[in-house]
Number of protein chains: 2
Amino acid sequence: MSDDLRGLNDLDRLIHEPARLLIVTILSAAASADFLFLQREAGLTKGNLSAHLSKLEEAGYVKIEKTFKGKLPLTVCKLTAKGQKAYTAYRQQMQMFMDKTG
Amino acid sequence: MSDDLRGLNDLDRLIHEPARLLIVTILSAAASADFLFLQREAGLTKGNLSAHLSKLEEAGYVKIEKTFKGKLPLTVCKLTAKGQKAYTAYRQQMQMFMDKTG
DNA sequence: TAAATAGGTTTGTAGTACAAACTAGTTTGC
DNA sequence: GCAAACTAGTTTGTACTACAAACCTATTTA
């Protein structure tokens, strides 16, 4: 164990946070998801989800579009190219860690 | 993606934190390590390492013994059975996630 | 005996996740 | 027609967190 594991220290904390990892994973597979779908799927409270989405949006990882479904507000989220890239990089780093220390 | 990934929300945050994941990984392989070895290996500042070790100790994941090497203080850390178990569980959960979403 | 070094710990700060409380609009009950 | 309950979120308050800078105590060196 004189291996270089310090790469862990460079993990993207935005994605490392479990709730956001969950969100990004779902978006990565779904191409597009609305707020309530995400909430159910991820098992988060509205407030929590809202806050996490804002962070992902600020980082440019997620694009958020507010429209209407009939007369009710509808928030649709997509992973951006940047977000997809960050997600992929995170997975690679984590898999690297798992492999090295398996 | 209607899979159950919500398990991510149950990740042990104590181990999920990259710096501590690093520490625990090193301890898991080394059986015993002193403070400065850990510091070098993990690439952490003393203050940061000290704080993380205290947390791991409070959780019962790490046993810390303070002795002397000659006349200088020497802090030796070992992973406890509880810590090893938590580490293994964390790895399993993370690997499960990686596999499910590969 | 002053200054530097070793091996840490404590403290201050900025940032974080989370749920409770709130907002703005819509539908339902009476 | 208007109050109550619901929908779809956002904002706010709180308690926790990671981190490095400053500190501490003892030892070694100049």
Side-chain angles (χ1 to χ4, degrees), chain A residues 6-27 32-59 61-78 86 90, chain B residues 6-27 32-59 61-78 86 90:
Chain A
R6 290 180 213 70
L8 279 186
N9 287 324
D10 304 335
L11 281 178
D12 186 337
R13 311 293 277 234
L14 229 85
I15 293 193
H16 190 56
E17 165 62 29
R20 284 189 299 258
L21 181 51
L22 204 39
I23 292 170
V24 168
T25 297
I26 293 167
L27 288 179
S32 154
D34 65 70
F35 190 95
L36 294 174
F37 173 76
L38 277 176
Q39 201 206 327
R40 273 195 312 280
E41 206 69 11
L44 300 169
T45 61
K46 290 175 199 300
N48 203 358
L49 176 55
S50 178
H52 284 309
L53 283 177
S54 291
K55 258 177 204 189
L56 289 170
E57 187 182 27
E58 276 168 43
Y61 286 2
V62 163
K63 179 106 187 297
I64 298 181
E65 258 164 74
K66 284 162 196 309
T67 67
F68 287 87
K69 176 181 52 183
K71 294 182 172 180
L72 292 176
L74 178 68
T75 297
V76 178
C77 313
K78 285 188 210 304
Y90 176 85
Chain B
R6 291 179 213 69
L8 279 186
N9 287 323
D10 304 334
L11 281 177
D12 187 336
R13 311 293 277 235
L14 228 86
I15 292 193
H16 190 57
E17 164 62 29
R20 284 188 301 256
L21 181 50
L22 204 39
I23 292 170
V24 168
T25 297
I26 292 168
L27 288 180
S32 154
D34 65 71
F35 191 95
L36 293 175
F37 174 76
L38 277 176
Q39 201 205 329
R40 272 195 312 278
E41 205 71 10
L44 300 170
T45 61
K46 290 175 198 298
N48 203 359
L49 175 56
S50 178
H52 285 309
L53 283 177
S54 291
K55 261 181 201 184
L56 290 169
E57 186 181 28
E58 275 168 44
Y61 286 3
V62 162
K63 180 109 186 295
I64 298 181
E65 260 166 72
K66 285 162 195 308
T67 67
F68 287 87
K69 175 180 53 181
K71 295 181 171 182
L72 292 176
L74 177 68
T75 297
V76 178
C77 313
K78 285 187 209 303
Y90 176 84

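Every chain is numbered from 1 and lettered A, B, ... according to where its sequence line falls, protein lines coming before strand lines.
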- From A:E41 CD over to A:D34 CG, what is the distance, rounded to the nearest 0.5 angstrom? 11.0 Å
- In whole angstrom, what separates B:F68's CZ from C:dA6's C1'? 12 Å
- Is there side-chain contact between A:L38 and A:L27, with heavy atoms separated by less than 4.5 Å? yes
Give every pair of a protein N or O atom and an N or O atom of nucleotides 14-17 of chain C that lie under 3.5 Å apart, one pair per line with the distance.
from	atom 1	to	atom 2	distance (Å)
C:dA17	OP1	A:R20	NH1	2.8
C:dA17	OP1	A:R20	NH2	2.6
C:dA17	OP2	A:R20	NH1	3.2
C:dA17	OP2	A:K55	NZ	3.0

- Between CG of B:D34 and P of C:dG7 the distance, given in whole Å, is 9 Å
- Task: Round to the nearest Å and state the distance from B:L44 atom CG to C:dG7 atom P.
- Result: 17 Å
- Task: Check whether any side-chain heavy atom of A:I15 lies under 4.5 Å from a side-chain heavy atom of A:Y61, and answer yes or no.
- Result: yes
- Message: Just to be sure I understand the rule, does B:L74 reach a base, reach only the sugar-phosphate, or reach nothing, if contact means heavy atoms closer than 4.0 Å?
- Response: sugar-phosphate
- Item | Under 4.0 angstrom between A:T45 side-chain N/O and C:dC18 OP1 or OP2 | no
- A:F35 has a side chain; which of C:dA6, C:dG8, D:dT10 sits nearest to it? D:dT10
- Query: Between D:dT25 atom P and B:K66 atom NZ, what is the distance in whole Å?
  - Reply: 15 Å
- Note on the structure: Rounded to whole Å, the CG-C1' distance (B:L38 to C:dA6) equals 17 Å
- D:dA8 OP1/OP2 closer than 4.0 Å to side-chain N/O of A:T75: no
- Nearest-Å distance for atom pair CD1/C1', residues B:I64 and C:dG7: 14 Å
- Item | Reported CD-to-CD1 distance for the pair A:Q39 and A:I23, which is rounded to 0.5 angstrom | 10.5 Å
- Report yes if a side-chain nitrogen or oxygen of B:S50 is closer than 4.0 Å to either non-bridging phosphate oxygen (OP1 or OP2) of C:dG8; otherwise report no. no
- Query: Does a side-chain heavy-atom distance below 4.5 Å link B:E17 with B:H52?
  - Reply: yes
- Task: Taking only the side-chain nitrogens and oxygens of A:K46, find out if one of them lies under 4.0 Å from OP1 or OP2 of C:dA20.
- Result: no
- Item | Rounded distance (Å) that lies between atom C1' of D:dG9 and atom CG of A:L36 | 8 Å
- Query: Distance from B:K69 atom NZ to B:L36 atom CG, nearest 0.5 Å?
  - Reply: 6.5 Å
- Roughly, in whole Å, what's the span from CG in A:L72 to P in D:dG9? 9 Å
- Query: Can you check whether B:Y90's main-chain N or O pairs, donor with acceptor, with B:H16's side chain at less than 3.5 Å?
  - Reply: no
- Message: So, does B:K71 get its side chain near the phosphate of C:dG7, meaning an N or O under 4.0 Å from OP1 or OP2?
- Response: no
